[in-house]
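Input: a single structure, listed below in structure tokens.
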Amino acid sequence: MSSKDAITPREQDYSAWYNELIEVADLAEHSAVRGCMVIKPYGYAIWEAIQRQLDDRIKATGHLNAYFPLFIPKSFLQKEAAHVEGFAMECAVVTHSRLKKGPDGQLVPDPESALAEELIVRPTSETIIGESFARWVQSYRDLPLLINQWANVVRWEMRTRLFLRTMEFLWQEGHTVHADFDDAEAETSRMLEVYREFAESVLAMPVYVGKKTEREKFAGAEHTYCIEAMMQDRKALQAGTSHHLGQNFARAFKIEYLSKDQKQQTAYTTSWGVSTRLVGGLVMTHSDDKGLVLPPAVAPIHVVVIPIRCGKPEERAEVEAYLAPLLKRLEGVQFKGRPVRVHVDMSDQRPGAKHFTWEKKGVPVRVEVGPRDMKEGNLVYALRTTLGTEEGKKTIGRDAFGEGLVALLEDYQRGLLERARAFRDAHTRDVDDKAAFEAFFTPKSEERPEIHGGFARAGWCGEGECEAQVKERHKVTVRCIPFTGEPFTGACVWCGKPARAGQPRVLWAKAY
RNA sequence: CGGGCGGUGGCGCAGUGGUAGCGCACGCGGUUUGGGACCGUGAGGUCGGGGGUUCGAAUCCCCCUCGCCCGACCA
């Protein structure tokens, strides 16, 4: 693909579109290390925006940040049976502490430096943190213990995709300790709600909330709650998880406290996380065939100004003088608690080329300033996506633009959420008949196998066997058992036995 | 980890045994500038890595590696 060409349209090949978009928007690239990515400055700025705003919420709910080691002694991982079972297949293992020159001059691990106990590069930190928590928690007065860490983790994946699944990824992982089950349960729910609100108000990504099935829950958890988003190819993306770990890790690591009535009690723990995968979700929720589309809340740049003429020093000076009152006006102006970010593109590309560049990078508002506008006290602006309203550029007074910018960004942010919600709702359907269920998930065309119905709400008996068969046959899984919805009294869509009592229709979908 | 397809300048590609090329991007000079400018002139590649066959390998053979797609696994 030459840089002059447009990217592959979504209709033609959704995967190719995704990969090319990440390249042309300059978000990330493959590294020399298989399965690992380099997050480029523009992509990292999006992650930083996510971090900042989520970190604010994590702190607002009483959590403190801390940092634990990258390396986990193998014996720690082994202490929780289900946990080690779940992660054993994808662990990077450190076996030696130094290199030496081998017979052929190549560096090899020095056999004499073999570690007495091998170290695992953390795939998640429940165990290493559990070991600390056991010492930190002594009394009921130490509870609840509410900790979060921002970190990288490694899971040795066989098949990777930029942002969606890489061997190393960045995330936050909250780890908390509570006196009893109910308090841990409240925490698990509270943080899921933080994620839901964050996804919708910051990422403009509508999500379904619910509980994972036994098959899909976190290795070592009592139960797992999740937020699930629908991508434009109608597949589900697990965008965040919150786990009630019960006493599983507390028992394994002896996280115990003396209660008010002088009894030694085993604590209850939770963990919850979201990762750089959200950036991939963001891309697949909003972007179009022209490139990235970003909600202003996470856009590294809110407004890019494209001067029509700025080749000569006197032209630049004129543009700068014209923009000065606007930039001054916007100083200190905030959107979603962060300064409004304006970039003036004085590079020597032609105006059209600048439009294409910034359009691909998803900047919400592009502003043109030309000789005509400067004469008339105006500027011309265009939104990255018009969201179905009237197309094209609008002329507005320079000062009026400054006045109205925050409202413009707010409308745009809301518009993206509404559009995504409408798309999701249009492709989420109650399906009660097995034949209809199968038809729903059967691609309409060989050429575009990814296009299928979307999310189906359907009855489920609750048996893992049914789930397994559906996955085998249609690559469809239960994404979650929604918290809301009428208890469903009909049959399991697959086996025909009665749906599990008191449970609503569950959410079935193909997933990333 | 299995199957398929790929790796030639930053990007996209041509080149099937005989002097490594093209387009875009890039540097310099100039003319331009309201949706991807044009002219002139330059720079840039031990052809993914290693081994083999050959007088000679980007090209043929073997091994490795990385990427993409499909499976199994997974945030």
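Since the structure is predicted, the reported quantities are computational estimates derived from the model, not experimental observations. Quick note on labels: first sequence line is chain A, next is B, and so on, each numbered from 1.
- Pairing partner, B:U31: B:A37, with both Watson-Crick or wobble hydrogen-bond distances short of 3.5 Å.
- Rounded to an integer number of Å, the gap from A:Y381 OH to B:G34 C1' is 17 Å.
- A:V153 comes within contact range of no nucleotide atom at all, as no heavy-atom separation falls under 4.0 Å.
- The residue from A:R479, A:R196, A:K211, A:R424 that alone fulfils the salt bridge (Lys or Arg N to Asp or Glu O under 4.0 Å) condition with A:E228 is A:R479.
- B:C55 and B:G18 make up a base pair, with Watson-Crick or G-U wobble contacts both under 3.5 Å.
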- Walk me through it: do A:F401 and A:N378 pass the test side chain to side chain contact (heavy atoms under 4.5 Å, CB included)? CA-CA 9 Å; A:F401 178 80; A:N378 289 333; over 6 Å; no
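- A:T241 comes within 4.0 angstrom of no nucleic acid atom, judged by non-hydrogen atoms across all strands.
- Among the protein residues, A:L237 comes within range of no part of the nucleic acid, since none of its heavy atoms lies under 4.0 Å from any strand.
- Judged by distance alone with a 3.5 Å cut-off, a donor-acceptor contact links the side chain of A:R366 to the base of B:G35.
- Here the P atom of nucleotide B:U33 and the CD1 atom of A:I308 are 11 Å apart, to the nearest Å.
- The side chain of A:S15 sits closest to B:C69 out of B:A72, B:C69, B:G36.
- Nearest-nucleotide positions on RNA chain B place A:S31 closer to the 5' end than the other of A:E168 and A:S31.
- A:E359 contributes a side-chain N or O that forms a donor-acceptor pair with the base of B:G35 under 3.5 Å.
- B:G2 is paired with B:C70 under the Watson-Crick or G-U wobble criterion, all donor-acceptor distances under 3.5 Å.
- Base pairing annotation: B:C11 forms a Watson-Crick or G-U wobble pair with B:G23, both donor-acceptor distances under 3.5 Å.
- Within the 4.0 angstrom heavy-atom criterion, base atoms lie near A:P371.
- Closest to the A:R155 side chain, of the nucleotides B:G36, B:A75, B:G34, is B:A75.
- The side chain of A:T166 has B:A75 as its nearest neighbour among B:G35, B:A75, B:A37.
- Going from atom NZ of A:K471 over to atom P of B:A72 covers 7 Å, rounded to whole Å.
- A:M89 comes within contact range of no nucleotide atom at all, as no heavy-atom separation falls under 4.0 Å.
- Of the candidate nucleotides B:G34, B:G36, B:C68, B:C68 has the atom lying nearest to any side-chain atom of A:H30.
- Residue A:M37 contributes atom CE, which lies 16 Å from atom P of B:A75 at whole-angstrom precision.
- At a threshold of 4.0 angstrom between heavy atoms, the contacts of A:K312 with the nucleic acid are absent.
- Going from the C1' atom of B:A58 to that of B:G49 covers 14 Å, rounded to whole Å.
- Closest to the side chain of A:R161, out of B:C69, B:A75, B:G36, is B:C69.
- Across all strands shown, A:K393 has heavy atoms under 4.0 Å from base atoms, whether or not it also approaches the sugar-phosphate.
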- Task: Give the C-alpha distance, both sets of side-chain angles, the deciding distance and a yes or no for side chain to side chain contact (heavy atoms under 4.5 Å, CB included) between A:Y208 and A:T428.
- Result: CA-CA 11 Å; A:Y208 289 112; A:T428 303; 2.8 Å; yes
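- Note on A:N19: only backbone sugar-phosphate atoms sit closer than 4.0 angstrom, heavy atoms only; bases stay farther off.
- Side-chain proximity of A:E157 to B:A75, B:G35, B:A37: nearest is B:A75.
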- Item | side chain to side chain contact (heavy atoms under 4.5 Å, CB included) between A:R57 and A:V202, worked out | CA-CA 11 Å; A:R57 285 163 169 79; A:V202 175; 3.6 Å; yes
- Query: Given the rule in the side chain to side chain contact (heavy atoms under 4.5 Å, CB included) test, do A:E222 and A:K217 qualify, once you have shown the distances and angles that lead to the verdict?
  - Reply: CA-CA 8 Å; A:E222 285 295 307; A:K217 77 175 185 186; 5.8 Å; no
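- One interatomic measurement links the two molecules: NZ of A:K235 to P of B:A75, which rounds to 15 Å at whole-angstrom precision.
- Within 4.0 Å of A:Q238, counting heavy atoms only, lie sugar-phosphate atoms of the nucleic acid but no base atom.
- Across B:G48 and B:C68, the matching C1' atoms stand 15 Å from one another, rounded to whole Å.
- Comparing the same atom, C1', in B:U16 and in B:C47 gives a spacing of 14 Å after rounding to whole Å.
- Atoms CE (A:M158) and P (B:U65) sit 13 Å apart, rounded to a whole Å.
- Protein atom NZ of A:K354 is 11 Å distant from nucleotide atom P of B:A37, rounded to whole Å.
- The CG atom of A:D345 sits 15 Å away from the P atom of B:G36 (whole-angstrom rounding).
- If you check every strand for non-hydrogen atoms under 4.0 Å, A:G35 touches sugar and phosphate atoms only.
- No N or O donor and acceptor, one from the side chain of A:K475 and one from the base of B:G71, sit under 3.5 Å apart.
- Taking only side-chain nitrogens and oxygens, A:R350 comes nearer than 4.0 Å to OP1 or OP2 of B:A37.
- Both A:R159 and A:E315 lie close to RNA chain B; mapped to their nearest nucleotides by heavy-atom distance, the more 5′-ward contact belongs to A:E315.
- A donor-acceptor contact shorter than 3.5 Å links the side chain of A:D288 to the backbone of A:G291.
- When side chains are defined from C-beta on, A:Y322 does not count as touching A:V305, because their heavy atoms never get closer than 4.5 Å.
- By the 30° and 60° cut-offs, the orientation of the rings of A:F483 relative to A:Y225 is perpendicular.
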